[in-house]
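To start, the structure itself, in structure tokens.
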Number of protein chains: 2
Amino acid sequence: MFFETHLELLQAAAEANRTRTAWTGYAPIAPPDAAQSDALVGAYDGATLALSSPTNSVITADEVSPYTGKALNVSYGAPSVDEALEGAAATAAALRDAAVELRVGVCLEALHRIHHRGQEFAAVTSHTTGQSLNMACSGSGTNALDRGLEAVAMAWSAMARVPENVTWQQRFGKSNVTLRKRFRTRPLGTALVVACASFPAWNAYPAILANLATGNPVLVKPHPRSVLATALAVGVMREVLAEAQLPVDAVQLVVDTAAAPVAAKLATSPEVRIVDFTGSPTFGSWLERNVPNTLVFTETAGVNTVVLDSVSDLSEAMRTLAGGLSLFSGQMCTTPQNIYIPDAGVRTDDGVIARDDVIAALLSAIDDLAGAPRRAGAVCGALQSEATLHSVTALADAAEVDGTLLRRPVPYAHPDYPQARAVTPLVIRVDPRRGETLPDGEQFGPVAFLVDAADTASAVEHATASVRSHGAISSYLYCTDDAVVDEVADAYADAGASLSANLVSSMPMQFAAAYSDYHVTGLNPAGNATLTDESFISGRFRIVQDRRQVEGE
Amino acid sequence: MFFETHLELLQAAAEANRTRTAWTGYAPIAPPDAAQSDALVGAYDGATLALSSPTNSVITADEVSPYTGKALNVSYGAPSVDEALEGAAATAAALRDAAVELRVGVCLEALHRIHHRGQEFAAVTSHTTGQSLNMACSGSGTNALDRGLEAVAMAWSAMARVPENVTWQQRFGKSNVTLRKRFRTRPLGTALVVACASFPAWNAYPAILANLATGNPVLVKPHPRSVLATALAVGVMREVLAEAQLPVDAVQLVVDTAAAPVAAKLATSPEVRIVDFTGSPTFGSWLERNVPNTLVFTETAGVNTVVLDSVSDLSEAMRTLAGGLSLFSGQMCTTPQNIYIPDAGVRTDDGVIARDDVIAALLSAIDDLAGAPRRAGAVCGALQSEATLHSVTALADAAEVDGTLLRRPVPYAHPDYPQARAVTPLVIRVDPRRGETLPDGEQFGPVAFLVDAADTASAVEHATASVRSHGAISSYLYCTDDAVVDEVADAYADAGASLSANLVSSMPMQFAAAYSDYHVTGLNPAGNATLTDESFISGRFRIVQDRRQVEGE
């Protein structure tokens, strides 16, 4: 029934995926205000959520709001590795034998209900990740739901390309042989989805739902300091599974602690056949290399570059870039980090602007944003973890000593939460030709490096070398000559990276559109999981067939 | 131009794949006679084939005809691992930047030319693998070409599902944002294809051509004792690449020796991103576990079971089964091995036949085949390797001691080649309830175990347990009750195996039809590479995109 209810939506999503035009399946979610948000989260204070197969173990997660500094005080049933695996195994047959439409219908209905509770999810996301309520309603709200729906649509389309049966007839020697054949899609096995602390929904929804749609039981392991939003989503899925008369443990929450992490143990269990991971390059790379005979999908991090060649309107471009650096305090995998400025400056409609003036314009745009508390609150949100604040501060201190510091990561005044872990971007300037070095990989948080480059060509050369070494998820170019954009796009493509050119608008530069933008190419070290291409889907199910001979014509 | 020439064929193949109806792209190849075959192979006596990037190393392969016992005396350029990898890398940019149609056209033209030289390929295949000339024209001829075309069609369809570009427009706040996006498919990287000694074309063509179509340079490593057929195919591909003005080293032959094998070193080279392997479970499993961050496709071996429940006509079924056991002397991955017969015997239209009588009928059918030299020659061919003859003989000797031997693997008189390594099936009977054990995995060559089972249900239970432990590529059932066939198909499906029921005809029971039959499920230990599902294709290419903002409406 869920399938029929949402069939039109599903078909529209599949069509959007095919054409890659702009489309969304979910109406915008109006952000709650701070007081509403606090109340929505406060409702879980002291609660214990049991979202797995039975266990005696309970963990009160170390979840502290980046806005209020207060502990969320929510406890979770915490199954052991064996309990979780056994719980998943117990659901395998029922989930496998369920009709594709039933499983897909569960996915669609779960997305629908999460959307319906959008404000609650946004509040919880905000108080665990530090996302602003706006972003929690969009990036972790409708966009995440759209990415989830996209994966369901891709899985459904892929399974639909396998015909259910055929009557096959061929001549052998003097006789016709007729075979009646059936083809059935089958899940690969228990799946593990590891979500990250700062953006738990965007990558996890596609992975969880692609698994569920194709019939694989799912263990969802959130970051130990950012559990509640994921727990609520798992709760919705279990509720819908139950209504569909499918076993609820087909999706389980597995909570661990920073002191006793379970992801590696789960991932290397022979029962686990699929792992989806979003998080650190270190663990992602470890998974890619140490979990044999398992489908491993990773999205980790890269160093996203910006090459400034020429723009129509410098201040417009710098406003966009300042917004890009500030958005969710740089805690997005698509945040720009290394910004190349040629020695000759940047060409504009008003003539060439010298590098120092370009830099001044960027710093001024950042300061403008930082100085408008309500806008800063909506754009920057807060830092998910104290560790990020420490690392950004340490980087600023070191740059001050080096003489490369342009702007400290000063706090901004959050309009609603004076205690918020709220900072604005750190900006550092380096010239590799003077021996000043860039960090060896992504600097998580609001950190930008302005890189002096001889010219656009050498900037592209340096940036694409960085892509090859450190990976990249999003790369950016400002250039008014379309032929040069083509050349630079080729250079990035050859390094295995996608490129966005000349983004100056109300759209955040790092916005990636579900159904249209392929997120992560799989061709550089930033990960191998593309949202959403067919390689993200196809291995999650296989095909068994039977054929029986029948009388010929 | 090649693309246009073969476009109708390609479209028909893609359509056959979609519907999975019976179709072939290649007219039957008339087998040459023995004298013609000898002459075709003799033409290469003393030749040196250079089919790689330049190298000073030459290997005279240890290729000895299973029919004549004479060395083929063919030498091959033998690039080192570094030479081969550097040669591949040097072609990467040109191959990547070539239009999809150009690469696909090369694949189609290569298949066309191999087909055109079908008799020569058959002769060479026969004198290296031991396949009969009939089988070399069909199984390693048209069927292998069809499987290759199928993979090309699947790759082409998958790439075609990625739109080349879109104009994307979405409202953000008060303004419309318009992005012009391009999506480009990109190869993953250098690919290694390891072929097996006895069936070098059937699995290798799909792997080589799927790689080439998607733009990955390919290193083709044949078995050191079965090189020439693969070398000729690589030669054709290089010839067509040259005519298409693509670098010939996009497909290279890498020859090694049994004493100094290179497959593991190549597979674990970081430059190699894709490995396709057909061969032993030991090495296949090693690859699956020790080649991280690489797409690994394996087809190894399983224990193929037959459950005898009921048949219309026993002698017809036993003739089919005798043919299945004898075909290419059991050296096919689809050959039945363990045949379960219930205590109560087998029900037929003429009443129940007792187990001993069923066994007698099977042995008699084997003897009939073995006693007709020309037919035996066409069906059985010869054993590819002396090692197989030794292992089968040793197994027979041990069974004789055990008292489980029913039929020795006696030679048959080959009508054309008195020296041929030509044997007929060994048959052993065991009752696991008496503690008699079945071997721990596939016994390569013409070996059948007749297994006493309490009843059909316990036979299915034992057989599906075997699938779970040892894997299976093809499984067989004889049962006249369609409802029971459904149940047994479910049991095999739950074990991750496909099932063929009631095959009694001129079609060899282990025949797998390109475009229709999914070969290897990927759900049991017999391998993970399905010919041809989307998971065999999708990861071989990825997508880079660029998007640039343009003026709104």
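Just so we're on the same page: letters track the sequence lines, and every chain starts at 1. Heavy atoms only: backbone and side chains are in, while hydrogens, waters and symmetry mates are out.
Side-chain N or O atoms of Ser506(A) include one that pairs as donor or acceptor with a backbone N or O of Phe172(B) at under 3.5 Å. Of the possible polar contacts, none joining the Asn216(A) side chain to the Thr190(A) backbone as a donor-acceptor pair under 3.5 Å is found. In this structure, the side chain of Arg171(A) engages the main chain of Lys174(A) through a donor-acceptor pair within 3.5 Å. Using a distance-only test at 3.5 Å, with no hydrogens or angles considered, no donor-acceptor pair links the side chain of Asp517(A) to the main chain of His519(A).
Judged purely by distance below 3.5 Å, without hydrogens or angles, the side chains of Ser538(B) and Ser535(A) never pair a donor atom with an acceptor atom. Using modelled atom types, one finds a donor on one side chain and an acceptor on the other under 3.5 Å when comparing Gln169(A) with Thr178(A). A donor-acceptor contact closer than 3.5 angstrom links the side chains of Thr530(B) and Arg542(A). Judged by distance alone, the side chains of Ser474(B) and Thr334(B) never bring a donor and an acceptor atom under 3.5 Å apart. Side-chain contact check for Ser498(B) and Thr521(B): no donor-acceptor pair (N or O, by modelled atom type) lies under 3.5 Å. Between Asp309(A) and Tyr478(A), the side chains place no donor N or O within less than 3.5 Å of an acceptor N or O (distance only, hydrogens not considered).
Ranked by heavy-atom pairs under 4.5 Å with chain B, the first of Leu499(A), Thr167(A), Asp546(A), Asp533(A) is Leu499(A). When the candidates Tyr518(A), Tyr492(A), Phe541(A) are compared by the number of heavy-atom contacts under 4.5 Å with chain B, Tyr518(A) comes out ahead. When each of Thr294(A), Asp490(A), Val520(A) is checked for heavy-atom pairs under 4.5 Å with chain B, Asp490(A) comes out on top. The greatest number of non-hydrogen atom pairs below 4.5 Å with chain A, out of Ile543(B), Asn502(B), Val166(B), is found for Ile543(B). Taking Arg182(A), Arg96(A), Arg180(A) one by one and counting their heavy-atom pairs under 4.5 Å with chain B, the maximum is reached by Arg96(A). The greatest number of non-hydrogen atom pairs below 4.5 Å with chain A, out of Leu188(B), Leu287(B), Asp494(B), Leu503(B), is found for Asp494(B). Of the listed residues (Thr298(A), Asp482(A), Asp97(A)), the one with the most heavy-atom contacts under 4.5 Å to chain B is Asp482(A). Contact tally against chain B (heavy-atom pairs below 4.5 Å) for Gly539(A), Gly173(A), Ser516(A): the top residue is Ser516(A). Comparing Glu288(B), Glu534(B), Gln549(B) by heavy-atom pairs within less than 4.5 Å of chain A, the highest count is held by Gln549(B).
Contacts of Asp486(B) with chain A are made by both backbone and side-chain atoms, with heavy-atom separations under 4.5 Å. Only the side chain of Arg184(B) comes within contact range of chain A, with at least one heavy atom under 4.5 Å from a heavy atom of that chain. Of the two parts of Arg273(A), neither the backbone nor the side chain holds a non-hydrogen atom closer than 4.5 Å to a non-hydrogen atom of chain B. Both the backbone and the side chain of Val162(B) come within contact range of chain A, with heavy atoms under 4.5 Å apart. Neither the backbone nor the side chain of Arg540(B) comes within contact range of chain A, judged by heavy atoms closer than 4.5 Å. Only the backbone of Ala497(B) comes within less than 4.5 Å of a heavy atom in chain A; its side chain stays farther off. Only the side chain of Leu179(B) comes within contact range of chain A, with at least one heavy atom under 4.5 Å from a heavy atom of that chain.
Remark: Glu164(A) CD is loosely packed, at most 12 non-hydrogen atoms of other residues, nucleotides or ligands lying under 6.0 Å away. More than 12 non-hydrogen atoms from other residues, nucleotides or ligands lie less than 6.0 angstrom from CZ of Arg161(A).
The aromatic rings of Phe511(B) and Trp168(A) sit tilted relative to each other, their planes meeting at an angle between 30° and 60°.
Taking 4.5 Å as the heavy-atom cut-off, the residues of residues 15-24 of chain A that approach chain B are Arg18(A), Thr19(A), Arg20(A), Thr21(A), Ala22(A), ordered by number.
For Phe297(B) and Phe277(B), the distance between ring centers is not under 6.0 angstrom.
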